[in-house]
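As structure tokens, the structure follows; a few thoughts come after it.
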Amino acid sequence: MILLPRDFYDQEVTLVARRLLGKRLVRSLDGMRLAGTIVETEAYRGEEDLACHAKSGRTPRNAVMYGPAGHAYVYFTYGMHWCLNAVTGAVDYPAAVLIRAIHPCEGLEDIALRRGRFPRSQWCNGPAKLTQALRIDGNLNGASLCDQHDGLWIEEGEEIDNQWVKATPRVGIDSVPEPWKSKPWRFLAELPEEQ
DNA sequence: CGCCCGATGTGCT
DNA sequence: GCACATCGGGCGT
């Protein structure tokens, strides 16, 4: 098991988003591991990116994005959903990668307590679905992803070749103006076994 | 299948 | 007030 070092996150956010594909997101609690392989991400980059939560400057909500790389930015939305991001880049430059989907592979019995009523393919195929599956909420906002202290981290995984990776515009930002609306900053791993 | 819409709380205008 | 980096149920095709 190799934890991703802080250096990994201290790079341009779209590069981090691409390189997170294939890595293993791990949640540890109650002596149990819940984990899955990251297969979909999105990059949000700076105050100039009008789809980014930092578009209007620093606020209490988005403050973690302005902090050091390798921490979790966890936010609440639509009155009921939590979403997980990994902060990237330099201090005072707000950027983060939204983790949009994983393939769950550890702790399936516990994940099924919350997701078992749906088909397995739908357990973690959305940003709020995977946080529900892995029991991630606002208590983890600001957690360090580079050690095991906070019960949430990311480990090395399989390298995913470019032939399996697609880049598309980000989703759920229809009201955002161009050019931000069309930036190809969503990265998907379309692995052979799922076709 | 696809589209539509209600749920539900918070942050910011 | 209102918009929101969403989800899941319902209904029509």
Side-chain angles (χ1 to χ4, degrees), chain A residues 9 12-21 25 27 34 36 38-67 69 71-89 93-104 111-143 145 152 154 166-190 194-195:
Chain A
Y9 301 94
E12 203 283 318
V13 64
T14 60
L15 182 62
V16 179
R18 164 63 183 84
R19 292 188 61 197
L20 276 174
L21 297 178
L25 176 65
R27 174 81 170 113
L34 311 175
I38 296 172
V39 294
E40 182 180 345
T41 60
E42 282 178 357
Y44 290 86
R45 190 170 84 175
E47 295 180 349
E48 66 276 12
D49 174 7
L50 296 182
C52 181
H53 283 173
K55 65 176 184 291
S56 301
R58 190 193 299 244
T59 70
R61 183 200 197 198
N62 65 27
V64 171
M65 290 183 79
Y66 288 79
H71 290 256
Y73 167 44
V74 183
Y75 68 87
F76 185 74
T77 192
Y78 291 103
M80 62 188 93
H81 298 304
W82 295 99
C83 293
L84 169 67
N85 300 252
V87 174
T88 72
Y93 185 82
V97 176
L98 173 66
I99 312 295
R100 287 194 59 89
I102 62 175
H103 283 172
I111 289 172
L113 296 177
R114 294 170 298 285
R115 302 297 305 163
R117 64 199 151 108
F118 303 106
R120 174 89 177 258
S121 62
Q122 294 172 34
W123 282 7
C124 297
N125 65 335
K129 296 178 188 179
L130 73 88
T131 58
Q132 184 191 20
L134 299 195
R135 301 207 238 169
I136 293 165
D137 64 22
N139 292 317
L140 288 166
N141 190 37
L145 297 173
L152 182 67
I154 302 177
K166 194 154 75 179
T168 78
R170 296 168 291 181
V171 303
I173 57 166
D174 282 348
S175 60
V176 172
E178 300 289 2
W180 312 108
K181 185 174 169 178
S182 297
K183 294 281 187 191
W185 289 351
R186 176 191 185 214
F187 299 91
L188 301 102
E190 298 187 321
E194 58 181 314
Q195 309 192 2

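Side chains included, hydrogens not; waters and symmetry mates left out as well; all remaining heavy atoms used. Chain A is the first sequence line, chain B the second, and so forth, proteins listed ahead of strands; every chain is numbered from 1. Computed from a prediction, not measured in an experiment: that's the story for all the values here.
Here Arg61(A) pairs with nothing under the salt bridge (Lys or Arg N to Asp or Glu O under 4.0 Å) rule; sequence neighbours left out. Arg18(A) is linked by a salt bridge (Lys or Arg N to Asp or Glu O under 4.0 Å) to nothing, counting only residues two or more places apart in sequence or in another chain. A search for ring-ring contact (aromatic ring centres under 6.0 Å, His included) contacts involving Trp180(A) returns nothing, not counting sequence neighbours.
Residue Ser175(A) has a polar side-chain atom (N or O) positioned under 4.0 Å from OP1 or OP2 of dC4(C). Put simply, Arg100(A) has a side-chain N or O that comes within less than 4.0 Å of OP1 or OP2 on dT6(C).
As rounded to whole Å, 14 Å separates atom C1' of dC3(B) from atom CG of Asp174(A). The NE2-P distance, from His81(A) to dG8(C), rounds to 7 Å in whole Å. Nucleotide dC4(C) holds its C1' atom 15 Å from the CG atom of Leu50(A), rounded to whole Å.
The OH atom of Tyr44(A) lies 8.0 Å from the CG atom of Asn85(A); values are rounded to the nearest 0.5 Å. In this structure, the separation between CH2 on Trp185(A) and CG on Leu98(A) is 14.0 Å, given to the nearest 0.5 Å. Separation of atoms CD1 (Ile173(A)) and NZ (Lys181(A)) is listed at 8.0 Å; rounding is to 0.5 Å. Annotation: the span from Asp137(A) atom CG to Leu84(A) atom CG amounts to 11.0 Å, rounded to 0.5 Å.
With hydrogens and angles ignored, a donor-acceptor pair closer than 3.5 Å exists between the side chain of Tyr75(A) and the base of dA5(C).
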Where do N or O atoms of nucleotides 10-13 of chain B meet protein N or O atoms at under 3.5 Å, pair by pair?
from	atom 1	to	atom 2	distance (Å)
dC12(B)	OP1	Thr59(A)	OG1	2.0

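Remark: side-chain polar atoms of Ser182(A) are not paired, donor with acceptor, to backbone N or O of Pro179(A) under 3.5 angstrom. Between the side chain of Trp82(A) and the backbone N or O of Gln132(A) there is no donor-acceptor pair closer than 3.5 Å.
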Exercise for review: Check step by step if salt bridge (charged side-chain N to carboxylate O under 4.0 Å, His left out) holds for Glu47(A) and Arg58(A).
Suggested key: CA-CA 9 Å; Glu47(A) 295 180 349; Arg58(A) 190 193 299 244; over 6 Å; no

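Residue Met80(A) has its side chain nearest to dT8(B) when only dT8(B), dT6(C), dA5(C) are considered.
Considering Arg170(A), Lys183(A), Lys55(A) in turn, Arg170(A) is the only one that fulfils the salt bridge (Lys or Arg N to Asp or Glu O under 4.0 Å) rule with Asp49(A).
A distance of about 15 Å separates the P atoms of dG6(B) and dA3(C), rounded to the whole Å.
Heavy-atom distances under 4.0 Å link DNA chain B to no residue of residues 114-134 of chain A.
Stem analysis of DNA chain C (Watson-Crick or G-U pairs, both distances under 3.5 Å, runs of at least three) returns B:1-7 with C:6-12, B:9-12 with C:1-4.
By the 5.5 Å and 30° criteria, Tyr44(A) is stacked with the base of dA5(C).
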